[in-house]
Amino acid sequence: MVFNRVDSMDDLFFDNIKKEQIGSHAVLFRKKLIDQEHYFYETIQAIAAEIPFHHYETRGGGRIAAAMTGCGNISWISDQYKGYRYEAFNPITKRKWPAIPKLFFDYAQECAAAGGFENFIPDSCLINRYAIGDKMGLHCDKDEKDLTAPIVSLSFGLSAPFIWGGLSRTDPKKRYMLHSGDVVVWGGESRLVYHAIGAVQKGNHPIFGPYRYNLTFRKVY
Ligand code: MD6
Ligand code: FE
């Protein structure tokens, strides 16, 4: 009996560290996809074999640290002339993006539901690859036409600090370290929160090597 009690307390504690409410409509699930690392690694490589990772430029010619590819009806690109936007064709290969793999879609939908957003139908999956030391500046994602849908974000490989602010650029910020298999889901009142990624930590991940990968599933249209 005593052992049972200890077990259930452990479970409770584990639940607490596994799921963190980071905003009113934002949840971080620790290690949720840790058993799917190999699947995601292989599938990301297959997508990159079709549409290679590319360092896009920002308007005016700055370089985005993370290399990007993607899948879905539309995905994210950027160039020095028109800046960033969603496009149905990849500018490097002039081809359509590959479809979102069925399992990607299913995991994204399951994570969204776990975060309180039932029936999420993403039409875009942006895949970012960061090398050690790469960062992403403070921004909010507001170019999706459908802001009622959440964003589901999956992290794999090396760890990086996720900086979570508020609806205004200057709001106070909190920092959460994101590790391989972690999932963040946010929408509703948290949908337009400003966020950033701090420098990706040194290391060599047994599956993902010297990189951090982040997949964001979005409903653009
Ligand atoms: C990253 N993620 O984790 C960058 N945006 O590398 C994002 O910018 C992001 O994780 C919107 C929703 C979830 C995210
Ligand atoms: Fe973002």
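One-based numbering, in listed order, for ligands and for the atoms of each.
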Within-cut-off N or O pair, Ser155 and ligand 1, under 3.5 Å: no
Lys173 atom NZ: more than 12 heavy-atom contacts under 6.0 Å: yes
Under 3.5 Å: donor-acceptor pair, side chain of Asp123, backbone of Tyr221: yes
Sub-4.5 Å side-chain heavy-atom contact between Ile51 and Pro98: yes
Nearest-neighbour protein heavy atom for atom 10 (O) of ligand 1, which is reported as residue plus atom name and distance: Ser153 OG, 2.8 Å
Ligand-residue contact atoms, ligand 1 with His139, heavy atoms, under 4.0 Å: 8 (O)
Asp141 atom (N/O/S) at minimal separation from the Fe ion (ligand 2): OD1
Enumerated ligand 1 atoms positioned under 4.0 Å from heavy atoms of His195: 5 (N), 7 (C), 8 (O), 9 (C), 11 (C)
Apex the Fe ion (ligand 2); atoms His195 NE2 and His139 NE2; angle rounded to 10 degrees: 90°
Numbered atoms of ligand 1 (with element) below 4.0 Å of Asn214, judged on heavy atoms: 1 (C), 2 (N), 3 (O), 4 (C), 6 (O)
Protein contact to atom 4 (C) of ligand 1 [nearest heavy atom, distance to 0.1 Å]: Tyr130 OH, 3.5 Å
Ligand-side contact atoms (ligand 1) for residue partner Ile197, heavy atom cut-off under 4.0 Å: 1 (C), 3 (O), 4 (C), 6 (O)
Asn128 heavy atom under 4.0 Å from ligand 1: no
Tyr211 vs His205 side-chain heavy atoms within contact, under 4.5 Å: no
More than 12 heavy atoms from other groups under 6.0 Å of OH on Tyr84: no
Salt bridge flag under 4.0 Å for residues Arg191 and Asp146: no
Non-hydrogen side-chain atoms of Phe104 and Cys125 separated by less than 4.5 Å: yes
Tyr107, Phe40, Tyr39, Tyr130 screened by ring pair (Phe, Tyr, Trp, His ring centres under 6.0 Å) with Phe156, the one that passes: Phe40
Contact atoms of ligand 1, heavy-atom distance to Ile151 under 4.0 Å: 11 (C), 12 (C), 13 (C)
Heavy-atom gap Thr216 to ligand 1 smaller than 4.0 Å: yes
Ligand-side contact atoms (ligand 1) for residue partner Asp141, heavy atom cut-off under 4.0 Å: 5 (N), 11 (C)
Ligand-residue contact atoms, ligand 1 with Arg212, heavy atoms, under 4.0 Å: 1 (C), 3 (O), 6 (O)
Side-chain donor or acceptor of His195 paired with backbone N/O of Gly165 under 3.5 Å: no
